[in-house]
Protein chains: 2
Amino acid sequence: MEEIDRRIVALLARDGRMSFTDLARETGLSVSAVHQRVRRLEKRGVVRGYAAIVDHDAIGLPLTAFISIKPIDPAAPDDAPDRLAHLSAIEACHSVAGDESYILKVRVGSPVALEELLQQIRAAANVSTRTTVVLSTPYEHRAPDVTRGGESAGPDRPPAA
Amino acid sequence: MEEIDRRIVALLARDGRMSFTDLARETGLSVSAVHQRVRRLEKRGVVRGYAAIVDHDAIGLPLTAFISIKPIDPAAPDDAPDRLAHLSAIEACHSVAGDESYILKVRVGSPVALEELLQQIRAAANVSTRTTVVLSTPYEHRAPDVTRGGESAGPDRPPAA
DNA sequence: GGTGAAAAGCGACAGAG
DNA sequence: CTCTGTCGCTTTTCACC
């Protein structure tokens with residue numbers, strides 16, 4: 001992936017609805033050339049999709065928290081992500097190095113909802129939890145700086161969707 | 001905000017490029033009614049923007065980490081988010097309850113780049129750091145479940161952009 | 001709030017250099 | 001890989017309910 005593709009990715013990361021016409025203007029390419037490149041980036045999985053960034057306060061999920069989990073039985077098979085996937089309050093699940101095994105990012109409507117969620121997580125995955133409540137979010141969802149030579153992923157990755 | 005708006009937000013959270021025509025079909029409204037509602041949601045800040053979801057491996061940022069920071073001098077004014085905002089490797093900054101004051105989510109290209117970033121963070125904000133490296137990410141960026149009565153934010157919030 | 005139709009702009013595709 | 005051109009669809013605005 002080279003310069004122009006990185007530029008396209010950077011622009012779409014900042015504005016996922018930017019038109020092909022505008023992308024063409026910004027990159028100095030023709031509309032069809034840009035169209036071709038975007039479709040190729042989508043097919044390779046470099047662009048995995050597009051999402052609206054939503055104000056969680058406005059949709060009734062004002063409470064964000066990070067929940068670190070640790071298996072109660074370290075010998076049991078570790079399928080916590082699968083066991084937790086049905087809980088829609090969990091926005092992300094990261095396997096991490098360190099004392100705990102996963103960090104979950106969750107969004108709920110109230111402290112009581114958080115309490116219920118913690119019970120569900122402990123029951124579903126047989127884990128202990130450690131919760132860090134988010135008080136405010138100075139910034140989030142900042143677009144990455146795509147100004148580097150990142151050919152680490154190889155020429156053809158399988159599609160993500 | 002009621003039923004149809006929530007449906008629109010849910011659809012756009014899952015596919016930020018969905019056309020107004022498709023949104024109209026899914027909601028049973030006319031194209032112009034949907035258009036009107038989406039613009040209103042954007043203006044109210046319920047929809048804060050649109051972003052392409054990018055594969056960080058493919059753009060040369062395969063290493064994700066969470067960095068918890070704590071001020072060295074607890075008496076100093078706490079403007080860490082401002083002091084760190086110029087570091088583009090920082091994707092998010094959350095103020096949190098607990099032993100540390102902020103959790104940062106960062107994306108870098110290599111362990112060495114993480115080391116350099118940690119030095120920059122410590123120098124820029126006069127903080128100590130505790131880093132949790134992400135090994136893998138079973139899932140991330142899951143769209144929220146908008147199936148609730150979330151009028152908590154009030155009728156007219158100021159625009160975010 | 002909602003609709004439906006017209007005008008302007010954009011996306012998708014083909015063919016050529 | 002890029003350009004031009006065409007066609008059809010989408011977006012946007014308008015008058016009206």
Side-chain angles (χ1 to χ4, degrees), chain A residues 1-55 58-60 146 149-151 153-157 159-161, chain B residues 1-54 58-59 146 148-159 161:
Chain A
M1 187 170 65
E2 38 58 272
E3 183 55 26
I4 295 180
D5 278 343
R6 270 185 261 137
R7 188 101 146 269
I8 291 172
V9 170
L11 288 164
L12 285 176
R14 254 166 261 279
D15 178 6
R17 288 200 88 135
M18 183 172 283
S19 72
F20 289 80
T21 308
D22 289 344
L23 286 172
R25 206 191 328 281
E26 296 285 336
T27 55
L29 264 57
S30 70
V31 173
S32 17
V34 166
H35 182 260
Q36 196 174 213
R37 280 170 182 267
V38 170
R39 289 288 174 262
R40 204 185 53 189
L41 289 166
E42 289 172 356
K43 208 169 121 209
R44 284 187 184 170
V46 177
V47 172
R48 299 162 77 124
Y50 304 89
I53 298 171
V54 173
D55 180 354
I59 60 168
V146 197
E151 202 56 47
D156 48 6
R157 305 170 40 69
Chain B
M1 187 170 67
E2 38 59 273
E3 185 53 27
I4 294 180
D5 278 343
R6 269 186 260 137
R7 188 102 147 266
I8 290 173
V9 169
L11 289 164
L12 285 175
R14 256 165 262 276
D15 177 6
R17 290 200 86 138
M18 183 173 283
S19 72
F20 290 79
T21 308
D22 289 345
L23 286 172
R25 205 191 329 279
E26 296 285 335
T27 55
L29 265 57
S30 71
V31 173
S32 16
V34 167
H35 182 261
Q36 199 172 212
R37 279 169 181 266
V38 171
R39 290 289 173 259
R40 204 186 53 187
L41 289 166
E42 289 171 356
K43 206 169 124 211
R44 285 186 184 171
V46 177
V47 171
R48 299 162 77 125
Y50 303 89
I53 298 170
V54 172
I59 60 169
V146 197
R148 282 163 211 142
E151 202 56 50
S152 54
D156 48 6
R157 304 171 41 70

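In what follows, every heavy atom counts, from backbone to side chain, and hydrogens, waters and symmetry copies are set aside.
Dashed line: the shortest gap from a side-chain N or O of B:S32 to OP1 or OP2 of D:dC14 is not under 4.0 Å. Side-chain N/O atoms of B:H35 include none lying less than 4.0 angstrom from OP1 or OP2 on D:dT11. At the phosphate of D:dT11, neither OP1 nor OP2 sits under 4.0 Å from any side-chain N or O atom of B:R39. For A:R40 and D:dC1, the shortest distance from a side-chain N or O to OP1 or OP2 is below 4.0 Å. Neither OP1 nor OP2 of C:dG1 sits under 4.0 Å from any side-chain N or O of B:R37. Contact annotation: A:T21 side-chain N/O to C:dG11 OP1/OP2 distance is under 4.0 Å.
A salt bridge is defined here as a Lys NZ or Arg NE, NH1 or NH2 lying under 4.0 Å from an Asp or Glu carboxylate O, and B:R44 with A:D55 fails to meet this definition.
Annotation for A:D22 and A:R25: closest pair OD1-NH2, 2.9 Å, computed over non-hydrogen atoms. A:A13 approaches B:A51 most closely through the heavy-atom pair O-CB, 3.4 Å.
Of the candidates C:dG11, D:dT12, C:dG1, the closest approach to any side-chain atom of B:F20 belongs to D:dT12.
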### Task
Dump the intermediate steps for side chain to side chain contact (heavy atoms under 4.5 Å, CB included) on A:L12 and A:L23, then the final yes or no.
CA-CA 9 Å; A:L12 285 176; A:L23 286 172; 4.1 Å; yes
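Residue-level contact check: B:V31 touches the bases, meaning some heavy atom is under 4.0 Å from a base atom.
Annotation: C:dG1 and D:dC16 have their P atoms spaced 22 Å apart (nearest Å).
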